[in-house]
Amino acid sequence: MRRTAGFILLGAALSLAAFGQTAADPAKALDARVRDFLAAQKDQWRQENVTEADGRLLYDLILKRRYTRALEIGTSTGHSGIWQAWALSKTGGTLITVEIDEFRHLAATRNFKASGLEDLIDARLADAHQLAAELEGPFDFIFIDADQNWTPSYFKALLPKLAPGGCFAVHNVLSLGYMKGVRDFLEQVRALAFMETTVETSSGGGISFSFRRK
């Protein structure tokens, strides 16, 4: 009986110790919460969200470049925003994300809260066609995943707000390459000597990454 009680007390002590370590390290606690949320939602992302692989591309790029001020056009229900904000939680940054559809916007805000990342995300319900010109820069990472035919206009409005060394990324440039807006954007950005553009073909739809030279 004493031995059983001892095991119970030992288990309780270990659990409390583990809890204390997690509580003492908010970054680890946030990582665990985000991982658990993404795992639980793994097969639930619809509504034009990015794939997990594409989310990881965004996450890795933000971490590698140590970006801190990100802008996303096209929130959908929040999958890409979670990956970006998760990386930004490690660089001390924040994300502004814009969605025109109210249903998607509300779903995204619920997902941001559930993931524990809501404090790092300014989720706006707005028409980005108008808002893009009004946003205050600079931004060091801009991700376009909405209305690809409007991409040249987004690029024109946001390029002056892209910091040196920053990246202007566009989703689905391969799968939607037939669109005039996508073709025109790639032609425009590749003609600029101060921009260096690559297309990530490992992405299902292709993501272009255009970096502003420092």
Side-chain angles (χ1 to χ4, degrees), residues 48-76 78-85 87-88 91 93-100 121-122 124 126-214:
E48 307 300 327
N49 282 288
V50 302
T51 64
E52 179 181 344
D54 288 354
R56 289 185 181 278
L57 283 173
L58 303 179
Y59 174 93
D60 289 342
L61 177 64
I62 289 171
L63 276 185
K64 179 180 179 180
R65 298 273 178 162
R66 306 305 297 176
Y67 291 144
T68 60
R69 185 162 166 75
L71 169 66
E72 174 182 63
I73 304 297
T75 312
S76 190
H79 194 203
S80 55
I82 287 170
W83 281 101
Q84 291 171 83
L88 290 163
T91 65
T94 56
L95 169 70
I96 296 174
T97 182
V98 184
E99 174 59 48
I100 194 171
I121 303 172
D122 178 0
R124 304 189 185 185
D127 183 348
H129 290 184
Q130 300 173 1
L131 187 62
E134 302 169 5
L135 290 168
E136 293 186 14
F139 299 101
D140 51 23
F141 185 67
I142 298 172
F143 180 53
I144 307 298
D145 192 20
D147 193 8
Q148 269 78 358
N149 261 331
W150 197 263
T151 302
S153 297
Y154 290 137
F155 185 58
K156 180 180 179 181
L158 295 171
L159 180 60
K161 304 172 187 183
L162 183 65
C167 177
F168 188 93
V170 180
H171 197 224
N172 289 328
V173 295
L174 295 180
S175 60
L176 298 180
Y178 60 87
M179 287 187 174
K180 186 176 186 300
V182 173
R183 297 198 309 271
D184 287 352
F185 160 70
L186 289 174
E187 182 178 339
Q188 290 169 13
V189 71
R190 285 169 170 162
L192 298 175
F194 62 88
M195 298 292 288
E196 180 180 352
T197 299
T198 61
V199 174
E200 180 56 62
T201 57
S202 67
S203 163
I207 303 178
S208 66
F209 294 108
S210 300
F211 297 93
R212 186 164 198 159
R213 300 182 191 278
K214 295 183 179 180

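Because the structure is a prediction, the values reported are computed rather than measured.
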Show the atom names and distances, to 0.1 Å, of all donor-acceptor pairs under 3.5 Å that link a side chain in residues 55-64 to residues at least two apart or in another chain.
residue: Arg56; atom: NE; partner: Glu52; partner atom: OE2; Å: 3.2
residue: Arg56; atom: NH2; partner: Glu52; partner atom: OE2; Å: 3.1

Kindly list each side-chain donor-acceptor pair under 3.5 angstrom involving residues 179-193, sequence neighbours excluded, with atom names and distances?
residue: Lys180; atom: NZ; partner: Asp184; partner atom: OD2; Å: 2.6
residue: Arg183; atom: NH1; partner: Tyr178; partner atom: O; Å: 2.5

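With rounding to the nearest 0.5 angstrom, the CZ atom of Phe209 is 12.5 Å from the CZ atom of Phe168. Atoms OG1 and NE2, from Thr151 and His171 in turn, are 12.0 Å apart once rounded to the nearest 0.5 Å. In this structure, Asp145 CG and Ile73 CD1 are separated by 10.5 Å, a value rounded to the nearest 0.5 Å. Put simply, CG on Asp140 and CZ on Arg65 are 11.0 Å apart, with the number rounded to the nearest 0.5 Å. One finds the CZ atom of Phe155 at 8.0 Å from the CG atom of Leu162 (value rounded to the nearest 0.5 Å). Atom CG in Asp127 sits 4.0 Å away from atom CD1 in Ile100 (nearest 0.5 Å).
Closest heavy-atom contact between Tyr154 and Ala146: CE1-O, 3.6 Å. Between Val173 and Ser208, the shortest heavy-atom distance links the atoms CG1-OG, 3.7 Å. Across Leu158 and Ile144, no two heavy atoms sit closer than the pair CD1-CD1, 4.3 Å.
Phe141 is not listed as a side-chain neighbour of Leu88, based on a closest heavy-atom distance of 4.5 Å or more. Side-chain contact between Gln84 and Thr97 is absent, with no heavy-atom pair separated by less than 4.5 Å.
Within the structure, the salt bridge (Lys or Arg N to Asp or Glu O under 4.0 Å) test picks out no pair touching residues 147-163 (sequence neighbours left out). Judged as a salt bridge (Lys or Arg N to Asp or Glu O under 4.0 Å), the pairs with a partner in residues 193-212 (not counting sequence neighbours) are, in order, Glu196-Arg213.
Applying the side chain to side chain contact (heavy atoms under 4.5 Å, CB included) rule to Ala126 yields the partners Val98, Leu131; only residues at least two apart in sequence or on another chain are considered. Judged as a side-chain hydrogen bond (donor to acceptor under 3.5 Å, both in side chains), and not counting sequence neighbours, the contacts of Ser210 are Thr197.
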Residue pair Asp122, Thr94: steps toward the side-chain contact (heavy atoms from CB on, under 4.5 Å) verdict: CA-CA 8 Å; Asp122 178 0; Thr94 56; over 6 Å; no
